[in-house]
Each structure stands twice: as structure tokens, then as C-alpha cells.
2 protein chains.
Amino acid sequence: MADFMKEGFLNHISLDCVIFGFHNNQLKVLLLQMKYSKEWALPGGFVKETESMEEAAARTLEERTGLREIFLQQFHVFSEPKRSKINHAVKDLKNSGAGPDEKWFNQRFISVGFYALVDFEKATPMHDFFSEKCEWKALEEIDRLMMDHNQILDKALETLRLQLSYLPIGYNLLPEKFTMPELQKLYETLLGRKLDRRNFQRKILSWKILNKLEEQKKGGAYKAPFLYEFNLENYNTALKEGLSDPM
Amino acid sequence: MADFMKEGFLNHISLDCVIFGFHNNQLKVLLLQMKYSKEWALPGGFVKETESMEEAAARTLEERTGLREIFLQQFHVFSEPKRSKINHAVKDLKNSGAGPDEKWFNQRFISVGFYALVDFEKATPMHDFFSEKCEWKALEEIDRLMMDHNQILDKALETLRLQLSYLPIGYNLLPEKFTMPELQKLYETLLGRKLDRRNFQRKILSWKILNKLEEQKKGGAYKAPFLYEFNLENYNTALKEGLSDPM
DNA sequence: TTTAACATGCGTCAGTTTGACACAATATTA
DNA sequence: TAATATTGTGTCAAACTGACGCATGTTAAA
């Protein structure tokens, strides 16, 4: 019998979702607090035999937020053997009494990272069986996460920033109607630096993914900014074909 | 006992490597021909419990080519449930007598795709236990591959093309010393379109990843082009930090 | 040996994009 | 009503891009 078929050779697959939301000009991430270890963790899950990873991730996202049809993308596989050694999630699983199968817990876990961009207002955080809380956390207030989830979060952000240059971003993150300053704040938050207001507007508009609406946003202070909505047709085209050609 | 812990819930992980080489102005891929089904397939493998996926991929690459320390990157997870249903690899495994464990073969396989760029001249193709041939195939002559390996190859190319715009490419693909036309042919092949000779040179040189050497390449026809080598220091910096800023 | 053919090295130029900034318009607050 | 803060729109020079010209070096044909 070949090595890789032995019982001890089993590698279990899980997935972790980095669910981004945007609120009060802050980028937030949906986190769970584990029942027993009290550690904070990214929402995760397992794949059913009849599902693709993408379907499993979408299911996980829906179970934690109630949201469907969201931009959700795999970005990296995390497979360091050590990542599941000091596995507090395993402790939580054990303590939960969900399954006392010692053998199963001793397996090694390889996790596929997904990230999603959702509308903060529309999401309804719901914790799962292993956790007792589900909350939005601003990036700055996130400290130590369970296992290698800090790394996973970092990699998600890094990927998102890269994609920012060739994919349209914002459709699921912002409300239906939004202002140019709001969109700019989103980009600034994601990139981690200030952008020139006028150059930003010129660039975004050149992508033709926005529809300009009537003047509104009268509630705010000072001059009322115009409202925009995404032009879904062009937006989706840009998602498929990218915003600019390489080289 | 939770669903995902049941025996039937096992998802097995494998990896597939898309190993690119460049020869005679053609992009080539290293393929294996299976012993029993005679189908052509990407080199693949399994992960040991003590390895990361990256280490397993590097091991697979070395076993098929003899090469180490090569640019090797994961690019996508392939997890459609159907992908392992009509699994000729499984037939091959069965027929090989490697392990008649029916249960194991009935598992579902999720595969992590890696791609590598290697020097055609330095690689020594070696087939594995399940295959009888290991050969370089030009992209054009690749027809039907095993399972979803056509998809995997397509996705690898797509990823490579995207990376072309923000990562330096060529170090492991070309010999130590090469000419500007050779580098351009590589880019043209990867992008699938012609580039202007003079503009290409201007762009590449602006990246500062090349060292210009003495005039040589006297063997060829017509005017002798200059030889270049990669400036490894700048090359590696560019690999980490990218060639241009997003937005 | 001469000449035509061909690929390379190096340069030009106009159109476009980018980054930095000015100024008027509009809404709130004092 | 004036001061203040924020948005809408425009300008301009520098940098970048795409398209192309011409001289040079090497081979192959005349």
C-alpha cells in the first residue's frame, strides 16, 4: 500500500472566510469568539462531499451573515503542518462534545482562504456551534486571532489590495446609492493611504462603472455630494475582463 | 457526531503542477502519459503530513525534473465534486496494484494547482509510478488531458498572464544569458500577441532587473544582439514588492 | 566582392495619462 | 450675513505610451 493511502496520511480540508464590511469609514472583519478558548477566529467550515469549495464558502458566508450572491473569492491555501498542531479549535470541538472521535481531531488541517465583501448594513452576524459571539471588528482593534488566522487575514488584505488595481471593487461593500467621497474612503481604507480627491474621481469615472444620479445626500454637512450607483452591466464586464490590460 | 466527521465525509487533497518551459520560441508544458488509460496528465502528487503544500509541490517538481529552488506558486484550488467522479487516475491507481483499498479510491479529491517556470534545457523529465512517459508538449499540440487538467492548465496560463503585469518573469525560464529578442519572444508567447520591439525594450529596461553584458550571440543569423542577465538583487526585490503600484 | 535582405540599436514625436494644484459653488455653523 | 468646510470642475506640466524612422552590423544571394 502506498504511503499516501495510509490512515495517518489523511489531510483534512477546511475553509476560512475573511468577510469584509465597511462602516463609519472603517474596514471591518466579521469574527467569531470561540465558546471555550474565548479566542477570536475567522468564520470557517468544512466541505461536503457534494459541494465545491466555493459552494461551501458561500454556505458558510450565508450562515454567518444571511447574505447570498456575494462576491466571494478563494485567495490562498494555508497548509503549514504546524498550523493545526496548537489547534485551539480542536480543543473547542472536543469540549463541545460534538464528536469525541480522538482520531479525527488528530488529523492535520489544510485550509482554503476565501474573502468576501459585504454590505455592513445588510449583514446579520450569527455565531456557529463552536462560538458564542459573532461581531464586526475594525482592523485596528483586531489583536491575536486563533491559530494562523492573523496570517490569513493579512494575506486576504494583501490580495484585495492587488486586485484593487485590476478589478472593480465596492458593489457588495457599499449601499445601493453612495457618494464619491464614500467610495474614495473605501479605496483609501483598503490601500491604507490618502488619494487625491479629483484624480480619484477622474480615474473611477474613466472605468465607466458608475451611474451618476440626482443630487442628494442632503442629510450630511456642508455641500451636498452627488449620489452614484454601480452600472452593473459594465461592472460585471470589468469583473470578468479586468480594468486594464497587462503590459 | 457531526456530519463532517463521518467516514464518507473525507475529502482528499492532491496537487497538480503546471510546469512551463520555453524552447524554440514555444511555450511548453511537462506532461505525463498514464500507464493504463494512456491519457496525458499534469504531474501531481499528494501531501505528507509533515509537509506544507508548497513543500509537496517542490518535491513533485524535483521528482519530475530534477530541479530545485524554482519559482513555484499556488494559483487555484480545484474542487468541483464531479472532477474526481470520472477519475481515470483512480483506475490507473487500481490497475497499478498500488493499493486495492476500494474505500480510499472512492474518496473525493480536491486539488491545489501550482505553476512553475523552469529552464527547458536544465530539466530532466522523469515519469512517476503511474505513468510511462514524461514529455514536454507545446501548448498547441496539447489536446485532451486527464480529468479537469485542461481547466487547470488554462487557469495557470491566465494567472501567469495576470502576474506578468506586476511580477518579473523569466529568471528560471531562460538560460543565464539571453538576448532581448529572446526575452521578448517569451513575453509574446505568454501574452499570445506581438509586442513592439522598441517599446518592449524600453519598458523592461525601466524595471532595472537586467544587466547588460558584452556583445555576443555571434552564432545566430544577422546582426549580433547584446546579451543580458537578470540582476538578481533587483529581480527579487521586484518579486516581493511588485513592479508598479496599484491605482 | 558587391549588394540585397534582415534583425538589432537607438531615437523621435504626438497623443494620453498622471500627479499636483487653483478656484468657484454649495451647504452648514457661528 | 460671514466664516468654514466640503464638493464640482478645470488647468497644466511631467511622465508614460504607442507608433514609427533610420543607421548599423551580419548573413546570404548576385
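Source: prediction; values computed, not measured. Quick note on labels: first sequence line is chain A, next is B, and so on, each numbered from 1. Values below: every heavy atom of this structure, side chains too, minus hydrogens, waters and symmetry copies.
Distances shown here put every side-chain N or O of A:Lys223 at or beyond 4.0 Å from the OP1 or OP2 atom of D:dG8. The shortest distance between the side-chain N/O atoms of A:Lys185 and the OP1/OP2 oxygens of D:dT6 is not below 4.0 Å.
Atoms CD (B:Gln184) and C1' (C:dA7) sit 12 Å apart, rounded to a whole Å. In this structure, CG of A:Leu205 is placed 10 Å from P of D:dG8, rounded to the nearest angstrom. Taking atom CZ of residue A:Arg197 and atom C1' of nucleotide C:dC21, one finds them 11 Å apart after rounding to whole Å. Between the C1' atom of D:dT9 and the CG atom of A:Asp196 lies a distance of 13 Å, rounded to the nearest Å. Nucleotide D:dG18 holds its C1' atom 12 Å from the CG atom of B:Leu195, rounded to whole Å. Atom-to-atom, CD1 of A:Ile204 to P of D:dG8 comes out at 14 Å; the value is rounded to the nearest Å. Residue B:Leu227 contributes atom CG, which lies 18 Å from atom P of C:dA7 at whole-angstrom precision. The CZ-C1' distance, from A:Phe226 to C:dA25, rounds to 11 Å in whole Å.
Checked against side-chain hydrogen bond (donor to acceptor under 3.5 Å, both in side chains), A:Arg197 has no partners two or more places apart in sequence or in another chain.
The aromatic rings of A:Trp207 and A:Tyr187 sit tilted relative to each other, their planes meeting at an angle between 30° and 60°.
The shortest distance between side-chain heavy atoms of A:Leu210 and A:Asn231 does not fall below 4.5 Å. In this structure the side chain of B:Gln201 never reaches within 4.5 angstrom of the side chain of B:Gln184, judged on heavy atoms.
Judged by distance alone with a 3.5 Å cut-off, a donor-acceptor contact links the side chain of B:Arg202 to the base of D:dG18. Not a single donor-acceptor pair, N or O on each side, falls under 3.5 Å between the base of C:dG19 and the side chain of A:Arg198.
Ring centers of B:Phe78 and B:Phe109: at least 6.0 Å apart, outside the cut-off.
Summary of the strand contacts: A:Ser206 and B:Tyr228 both lie near DNA chain C, and taking for each the nucleotide with the nearest heavy atom, the more 5' one is attributed to B:Tyr228. Both A:Asn199 and A:Tyr222 sit near DNA chain C, but only A:Asn199 has its closest nucleotide nearer the 5' end.
If you check D:dC20, D:dT7, D:dT17 against the side chain of B:Lys203, the one that comes closest is D:dT17.
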